[in-house]
*Asks:* 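My questions all concern the structure below.
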Amino acid sequence: MRRIPTIIAAALLAAACTSVEEGPGSGAEPRACDPGLASALAKWADAGFSGAVAITGGGTECRVAFGTADGTAPNTDDTVFAIGSVSKGFTAAAILGLADDGALALDDKAGDLLPGLTGPAADATVEQLLLHTSGLEGEHGRDHEPLDRDEAIAAISGLASAFAPGSDFLYSNAGYSLLALIVDETTGSYRDHMADEVLTLGGEPFGGFWDGEPAAPGPRAIGQVDGEPSAENGGFAGPYWAMEGNGDLAMTAGNLADWTKALFEGEVIAPAAVETLTGIAFDNGDGTAEIPGWVSVGPDMFGTPFVTASGGGGDTGHNATAVWLPELGMSIAVTSNSEDVIAGDLAQAIAPALAAGEEIPLPEDHAEADPEELAAAEGTYTLETGGAYTVTATEDGLDVAAAGADAVTAMFASADYTAEDVAAHEDLVMALLNGETDAGREELEAIEGDVGTVAGVALAGTAEDQGELRTYATLDTAEGELLVWYALDERGGIGAVTLGAEPPAFTLVPTGEGEYRRDLIGAGDGVRVVFAEGAMTVTGPAGSVEATRD
């Protein structure tokens with residue numbers, strides 16, 4: 001759970017971002033957003049952002065919301081979002097608070113704290129679990145699939161170790177669920193402890209759980225997954241141990257900003273525990289370091305140090321990012337419930353400017369869509385190498401579905417991933433689907449249990465979606481061709497998967513004079529597309545290709 005329709009923000013601006021009403025966790029005073037800042041953020045809503053932004057401290061106070069929570073009602077400061085892996089920062093706070101109280105120690109082994117735990121997980125220390133250096137490899141369960149406490153312990157006990165504990169880094173959802181199990185064992189109830197000791201400040205709740213009780217109070221946003229409304233809107237009956245501790249919490253953007261500030265200022269856990277939080281780290285060697293539940297970024301990257309956490313990319317269709325700027329005493333939280341501009345995109349764009357006291361950058365403007373021009377571009381276009389694009393006009397631009405690895409590759413552009421990253425990810429996915437690893441053999445067995453024998457696998461290209469690489473493949477099964485996509489970690493573990501996927505789709509917006517682009521947020525040069533004389537020319541980082549209308 002690590003890493004959207006166009007919204008007319010002006011219509012919502014007066015209702016959604018002029019000020020903040022008092023409520024649980026909002027503080028004693030309403031916080032109006034500077035009109036200039038609110039107007040700049042509204043430009044990002046024009047570019048596709050739907051969600052909320054909250055900024056507090058450092059001389060800046062702001063609450064703004066854009067877009068719709070459910071397709072009709074607007075997002076507001078009271079709208080609740082699932083925060084995904086940002087939940088890990090809350091789990092870490094619970095553990096560090098217990099350590100500060102003497103209930104456990106960071107060098108305790110997990111197996112000594114949790115009866116029934118065996119395997120490599122039992123030898124991992126609490127500190128190694130906090131820093132993702134335990135070596136635990138693979139997942140212990142899948143989001144929104146029932147998993148009870150005993151099943152979770154058994155599944156975590158069965159996980160292999162990728163390296164000697166403490167010697168390397170490997171992001172682990174299972175490791176944080178193990179920490180939640182330790183909280184549960186130590187306190188008698190993980191959920192009660194989180195609600196009473198971590199999610200409550202000054203007697204007021206700062207959010208709650210997305211599924212089950214105690215639930216985050218307030219109206220909920222409905223997310224988007226592959227262009228469709230998410231079906232996971234808080235009604236999952238549990239048991240919840242696939243997500244407990246690693247991605248289970250929900251709250252408003254204002255709650256998240258205020259809680260983050262309170263955490264680092266010693267109001268959630270004792271100041272001594274905060275010193276531990278910021279003092280133990282795994283150095284990534286690139287100017288960043290893993291600290292419990294967060295990533296610490298040195299001053300070289302943006303001119304000032306900051307701490308951040310991001311979550312999303314799961315089946316709720318929500319994304320969230322929290323940023324703490326210690327030298328300014330400023331907290332920034334962004335939550336989103338659509339796909340075009342996710343929370344991490346917006347936070348990455350605005351946080352450096354806010355830290356420097358500068359005006360935030362704006363997304364590139366795009367031309368007004370000409371309905372006749374859009375309609376004229378519709379159709380199916382085929383590349384000489386076999387791939388194809390299906391182009392459909394929308395109210396504001398063009399939707400393009402890409403079929404074939406060549407077509408998908410031509411459309412790829414990312415500020416976060418290189419061609420080498422894509423190639424490595426594709427190699428891992430193909431190794432998985434060809435059964436060249438233990439995880440791959442298990443995955444093929446599971447797939448064949450659903451759709452019959454897999455006779456062949458063909459690469460169908462890689463796209464970036466919700467901050468992650470998704471490599472598509474076509475499986476030749478007993479029931480016909482099946483399109484799938486996989487998002488993997490750097491060691492080949494499955495992070496997310498969809499069987500029976502739709503072809504990767506891209507949104508193009510007009511720039512004028514018959515040219516379109518799919519990059520609205522300034523990530524490199526993006527991809528530009530021209531339609532002329534029955535041909536569709538795609539130019540991007542991978543080069544230029546031409547497809548001919550069928």
*Asks:* Would Lys88 and Asp248 pass as an ion pair if we require N to O under 4.0 Å?
*Replies:* no
*Asks:* Kindly indicate whether a cation-pi arrangement holds for Arg528 with Tyr516, taking the cut-offs as under 6.0 Å to the six-membered ring centre and within 45° of the axis.
*Replies:* no
*Asks:* Check whether any side-chain heavy atom of Val400 sits under 4.5 Å from a side-chain heavy atom of Met411, and report yes or no.
*Replies:* yes
*Asks:* Is the Trp294-Phe306 ring centre distance short of 6.0 angstrom?
*Replies:* no
*Asks:* Calculate, to the nearest 0.5 Å, the distance between atoms CG and CH2 belonging to Leu181 and Trp241 respectively.
*Replies:* 4.0 Å
*Asks:* Is it the case that the side chains of Ser85 and Tyr171 hold a donor-acceptor pair, with the cut-off being a distance below 3.5 Å and no angle test?
*Replies:* yes
*Asks:* Which pairs with one or both residues in residues 174-185 pass side chain to side chain donor-acceptor pair (under 3.5 Å), sequence neighbours excluded?
*Replies:* His140-Ser177, Arg149-Asp184, Arg149-Glu185, Ser177-Asn246
*Asks:* Has the side chain of Thr186 got a donor or acceptor atom that lies under 3.5 Å from a matching backbone atom of Val183?
*Replies:* no
*Asks:* Atom CD1 in Ile269, atom CG in Leu277: separation rounded to 0.5 Å?
*Replies:* 5.5 Å
*Asks:* Distance from Thr60 atom OG1 to Ile55 atom CD1, nearest 0.5 Å?
*Replies:* 6.5 Å
*Asks:* Excluding sequence neighbours, so at least two apart, what forms side chain to side chain contact (heavy atoms under 4.5 Å, CB included) with Pro299?
*Replies:* Pro305
*Asks:* Is a donor on one side and an acceptor on the other found under 3.5 Å between the side chain of Asp192 and the backbone of Glu197?
*Replies:* no
*Asks:* Can you tell me how far the CD atom of Glu204 sits from the CG atom of Leu201, to the nearest 0.5 Å?
*Replies:* 10.0 Å
*Asks:* Ring-plane angle category for His144 and Phe236, please: parallel below 30°, perpendicular beyond 60°, tilted otherwise.
*Replies:* perpendicular
*Asks:* Is the side chain of Thr133 donor-acceptor paired with the backbone N or O of Leu129 at a distance under 3.5 Å, no angle test?
*Replies:* no
*Asks:* Give a yes or no answer on whether the side chain of His318 reaches the backbone of Phe81 with a donor-acceptor pair at less than 3.5 Å.
*Replies:* no
*Asks:* Specify the closest pair of heavy atoms between Leu147 and Gly141, including all atoms of both residues, with the distance to one decimal.
*Replies:* CD2-CA, 4.4 Å
*Asks:* If you take all heavy atoms of Ala180 and Thr91, which pair is closest and at what distance?
*Replies:* N-CG2, 4.2 Å
*Asks:* So, the side chain of Glu228 versus the backbone of Gln224: is there a donor-acceptor pair under 3.5 Å, distance only?
*Replies:* no
*Asks:* Please answer whether the main-chain N or O of Asp286 pairs with a side-chain N or O of Asn284 as donor and acceptor at a distance below 3.5 Å.
*Replies:* no
*Asks:* Do Ser331 side-chain atoms and Ala257 backbone N/O form a donor-acceptor pair below 3.5 Å?
*Replies:* yes
*Asks:* Does any non-hydrogen side-chain atom of Leu104 lie less than 4.5 Å from one of Ile182?
*Replies:* yes
*Asks:* Is any side-chain heavy atom of Leu256 less than 4.5 Å from a side-chain heavy atom of Thr260?
*Replies:* yes
*Asks:* Between the side chain of Arg220 and the main-chain N/O of Trp210, is any donor-acceptor distance below 3.5 Å?
*Replies:* yes
*Asks:* Check the pair His193, Leu98 against side chain to side chain contact (heavy atoms under 4.5 Å, CB included), reporting the backbone distance first and the verdict last.
*Replies:* CA-CA 10 Å; His193 184 77; Leu98 291 171; 3.9 Å; yes
*Asks:* In Å and rounded to the nearest 0.5 Å, what is the CG to CG distance from Asp143 to Asp211?
*Replies:* 9.5 Å
*Asks:* Just by distance, do the side chain of Ser336 and the backbone of Ala343 share a donor-acceptor pair under 3.5 Å?
*Replies:* yes
*Asks:* Applying the side chain to side chain donor-acceptor pair (under 3.5 Å) test to Asn75, which of Asp70, Thr252, Asn337 qualifies?
*Replies:* Asn337
*Asks:* Just so I know, are the side chains of Val126 and Ile95 near enough to count as touching, which here means a heavy-atom distance under 4.5 Å?
*Replies:* yes
*Asks:* With a 4.5 Å limit on heavy-atom distance, are the side chains of Ile360 and Leu37 in contact?
*Replies:* yes
*Asks:* Determine, stepwise, if the pair Met330 / Leu354 fulfils side chain to side chain contact (heavy atoms under 4.5 Å, CB included).
*Replies:* CA-CA 9 Å; Met330 177 187 289; Leu354 290 169; 4.1 Å; yes
*Asks:* Strictly below 4.0 Å, N to O, side chains only: are Arg517 and Glu515 in salt-bridge contact?
*Replies:* no
*Asks:* Let me see the working for Asn255 and Val80 under side chain to side chain contact (heavy atoms under 4.5 Å, CB included), right down to the final yes or no.
*Replies:* CA-CA 9 Å; Asn255 288 156; Val80 171; 5.9 Å; no
*Asks:* For a quick test of reading the model, state the closest non-hydrogen atom pair linking Thr316 to Ala82 and the distance between them.
*Replies:* OG1-CB, 4.0 Å
*Asks:* When the ring planes of Phe169 and Phe282 are compared, do they come out parallel, tilted or perpendicular, using 30° and 60° as the limits?
*Replies:* parallel
*Asks:* Between Ser87 and Leu249, is there a donor-acceptor pair closer than 3.5 Å when you use the side chain of the first and the backbone of the second?
*Replies:* yes
*Asks:* Does some side-chain heavy atom of Val307 sit less than 4.5 Å from a side-chain heavy atom of Val295?
*Replies:* no
*Asks:* From the options Phe264, Phe90, Phe206, select the one residue that forms a ring-ring contact (aromatic ring centres under 6.0 Å, His included) with Trp259.
*Replies:* Phe90
*Asks:* Do you know the tightest heavy-atom contact between Ala289 and Asp283?
*Replies:* CB-CA, 4.1 Å
*Asks:* Which atom pair, heavy atoms only, marks the closest approach of Ala347 to Val334?
*Replies:* CB-CG2, 4.1 Å
*Asks:* Taking the side chain as everything from C-beta on, heavy atoms only, tell me whether Pro292 gets closer than 4.5 Å to Leu131.
*Replies:* yes
*Asks:* Which atom pair, heavy atoms only, marks the closest approach of Ala270 to Asp100?
*Replies:* CB-OD2, 3.4 Å
*Asks:* Excluding sequence neighbours, so at least two apart, what forms salt bridge (charged side-chain N to carboxylate O under 4.0 Å, His left out) with Glu265?
*Replies:* Lys261
*Asks:* Classify the ring geometry of Tyr190 against Phe209: parallel below 30°, tilted from 30° to 60°, perpendicular beyond 60°.
*Replies:* perpendicular
*Asks:* Enter the distance from Leu96:CG to Ile291:CD1 here, rounded to the nearest 0.5 Å.
*Replies:* 9.5 Å
*Asks:* Tell me, do His425 and Leu488 make a side-chain contact under 4.5 Å, heavy atoms counted?
*Replies:* yes
*Asks:* Would you sort out whether Ile280 and Glu127 count as a side chain to side chain contact (heavy atoms under 4.5 Å, CB included), showing the intermediate values?
*Replies:* CA-CA 8 Å; Ile280 61 173; Glu127 181 173 328; 3.9 Å; yes
